[in-house]
Amino acid sequence: SMATGLLGWDEKWVWGKVDKLLGKKNGKLAKRVYEDIKLAMKDGWGAVFEQDPGFSVAPPGTLAAVAAARGVVVVRGLDATPEELSALVNHGVGPARPPPKPAGWPSLPAGPETIHLLGSPGSGGEFVRACADDGAGDDAALEKWLAGGEPCEVTDWHVDEPWETTPARFTVLWAAESEGPIETRFASTRLDDRIDAADRELLAGAVGTFAPPPWLPQEKGTARHALTRDDAMYICADSLRDIDGMARREAITLCFRLTRACSARSASHTWRPRDLVVIDNHQTLHKRVPYDHASQRRLLYRLRADAYVV
């Protein structure tokens with residue numbers, strides 16, 4: 001479960017967004033969806049829904065508004081076909097776009113091309129290397145990364161495809177299969193009391209250059225992005241190459257330090273079959289927790305989406 005207080009989401013902000021979407025003009029249906037969402041969130045927990053409160057029939061972008069307010073939304077046990085999943089994302093989040101498809105990824109034999117296969121052991125689709133879990137406070141990990149790009153726990157924390165000129169605002173994951181206690185962790189990048197004044201000053205107006213990490217040689221391109229957006233940081237330790245006006249070591253050290261600060265207060269989600277997770281890449285880092293591929297299986301569908309209203 002994800003505690004609201006743990007991640008520091010702004011309750012007034014979420015209701016401002018939902019109120020804007022679910023105004024009186026939308027009638028009884030919007031009011032019911034609104035009440036279902038409010039009920040699921042009233043006890044101070046993150047946006048975890050034990051069933052779909054009606055995102056597919058709520059006004060367009062409702063799911064995006066909740067994700068933008070909470071950083072991550074979990075809908076438990078969503079029964080859907082790939083086509084229905086795409087329709088839900090297109091309506092509830094925003095226009096879906098296909099993930100990049102590196103060489104060697106298997107694709108679904110049926111279903112929309114906006115969905116691709118992730119993390120099926122033995123399928124050739126396990127594109128994410130085994131996650132390190134070596135302690136984010138280890139300065140030796142920083143030196144190894146600077147010297148040769150050796151991954152570590154800090155570089156496991158990421159946003160999706162920041163090397164694109166216009167990265168997708170949201171990542172949507174749906175578990176077709178999940179065997180055993182397989183987890184994904186989330187950390188807010190909000191500029192709150194975890195980030196000290198000196199680092200805030202360094203971030204003010206800063207622009208970084210992002211490129212694919214060494215373990216994705218099939219990915220190409222670089223992009224420059226502001227490192228702050230809407231009172232949150234846009235950082236990604238595995239892809240940040242430099243920051244304008246800083247030496248490389250200073251830039252990477254800053255990114256590691258900020259990632260550690262964010263991950264010190266993180267939340268985890270234990271996957272169950274048919275769980276839907278929506279991640280706001282503008283304000284949330286995520287990482288997979290290492291698991292035993294020999295005895296546990298996870299099969300996820302992924303879509304990326306832009307936002308209608310947030």
Inset, instruction - Let me see the working for Leu88 and Leu78 under side chain to side chain contact (heavy atoms under 4.5 Å, CB included), right down to the final yes or no. - result: CA-CA 11 Å; Leu88 172 63; Leu78 179 70; 3.6 Å; yes
Inset, instruction - Output the distance between atom CG (Leu285) and atom CZ (Phe186), rounded to the nearest 0.5 Å. - result: 11.0 Å
Inset, instruction - Report yes or no: does Thr284 contribute a side-chain atom to a donor-acceptor pair with the main-chain N or O of Gly71 at less than 3.5 Å? - result: yes
Legend entry - Nearest heavy atoms of Trp271 and Ser178, plus distance in Å: CB-OG, 3.2 Å
Inset, instruction - Check the pair Asp160 / Arg302 against side chain to side chain contact (heavy atoms under 4.5 Å, CB included), numbers first and verdict last. - result: CA-CA 11 Å; Asp160 284 347; Arg302 181 173 76 135; 3.3 Å; yes
Inset, instruction - Could you check if a side-chain atom of Ser266 sits within less than 4.5 angstrom of a side-chain atom of Trp157, using non-hydrogen atoms only? - result: yes
Legend entry - Backbone of Ala223 reached by a side-chain donor or acceptor of Glu164 within 3.5 Å: no
Inset, instruction - Check whether any side-chain heavy atom of Ile195 lies under 4.5 Å from a side-chain heavy atom of Met233, and answer yes or no. - result: yes
Inset, instruction - May I ask you to decide if Asp238's main-chain N or O and Thr155's side chain share a donor-acceptor pair within less than 3.5 Å? - result: no
Legend entry - Rounded distance (nearest 0.5 Å) linking atom CG of Leu191 with atom OG1 of Thr189: 7.5 Å
Legend entry - Between CD on residue Glu161 and OG1 on residue Thr171, distance to nearest 0.5 Å: 6.5 Å
Legend entry - Test item: Asp156 and Arg288 side chains (from C-beta on) under 4.5 Å apart, heavy atoms: no
Legend entry - For the student: nearest non-hydrogen atoms of Ala168 and Asp306, plus distance: CA-OD1, 3.8 Å
Inset, instruction - Verify, without hydrogens or angle tests, whether Arg241 (side chain) and Pro212 (backbone) share a donor-acceptor contact under 3.5 angstrom. - result: yes
Inset, instruction - For Asp230, look at atom CG and say whether over 12 heavy atoms of other residues, nucleotides or ligands are found less than 6.0 Å away. - result: no
Legend entry - Inter-residue atom distance Leu227.CG - Leu258.CG, 0.5 Å rounding: 9.0 Å
Legend entry - Cluster check Trp215, Ile252: I/L/V/M/F/W/Y, side chain < 4.5 angstrom: yes
Legend entry - Salt bridge present between Arg169 and Asp280 (N-O < 4.0 angstrom): yes
Inset, instruction - Give the intermediate values and the outcome of side chain to side chain contact (heavy atoms under 4.5 Å, CB included) for residues His158 and Cys236. - result: CA-CA 5 Å; His158 65 282; Cys236 187; 3.6 Å; yes
Legend entry - Check ion pair Asp199-Arg257 (N to O, under 4.0 angstrom): yes
Legend entry - Lys/Arg N to Asp/Glu carboxylate O, Arg249 vs Glu143, below 4.0 Å: yes
Inset, instruction - Answer yes or no: is there a donor N or O on one side and an acceptor on the other, between the side chain of His225 and the main chain of Tyr234, under 3.5 Å? - result: no
Legend entry - Backbone N/O of Arg260 and side chain of Ser263: donor-acceptor pair under 3.5 Å: yes
Inset, instruction - Compare all side-chain heavy atoms of Trp163 with those of Leu216 and state whether any distance is below 4.5 angstrom. - result: yes
Legend entry - Gap between atom OG1 of Thr209 and atom CG of Leu240 - 0.5 Å precision: 8.0 Å
Inset, instruction - Give a yes or no on whether the backbone of Cys262 and the side-chain of Arg194 come within a donor-acceptor separation of less than 3.5 Å. - result: yes
Legend entry - Value rounded to 0.5 Å, distance of CG in Leu63 from CZ in Phe49: 8.0 Å
Legend entry - Side chain to side chain, Trp145 and Val154, heavy atoms closer than 4.5 Å: no
Legend entry - Test side chain to side chain donor-acceptor pair (under 3.5 Å) applied to Arg224 - qualifying residues, sequence neighbours left out: Asp244
Legend entry - Under 3.5 Å donor-acceptor, Asn90 side chain and Ala96 backbone: yes
Legend entry - Minimum heavy-atom distance Ala68-Arg190, with the two atoms named: O-NH2, 3.9 Å
Inset, instruction - For residues Val72 and His286, determine if any side-chain heavy atom of one lies less than 4.5 Å from a side-chain heavy atom of the other. - result: no
Legend entry - Linked, directly or transitively: Leu146 and Phe256 (ILVMFWY side chains, under 4.5 Å): yes
Inset, instruction - Would you name the heavy atoms of Ala64 and Phe170 that are closest together and state the gap between them? - result: O-CZ, 3.7 Å
Legend entry - With sequence neighbours excluded, residues passing salt bridge (charged side-chain N to carboxylate O under 4.0 Å, His left out) with Arg200: none
Inset, instruction - Answer whether the closest heavy-atom distance between the side chains of Glu84 and Ser56 falls below 4.5 Å. - result: no
Legend entry - Leu276 vs Val74 side-chain heavy atoms within contact, under 4.5 Å: no
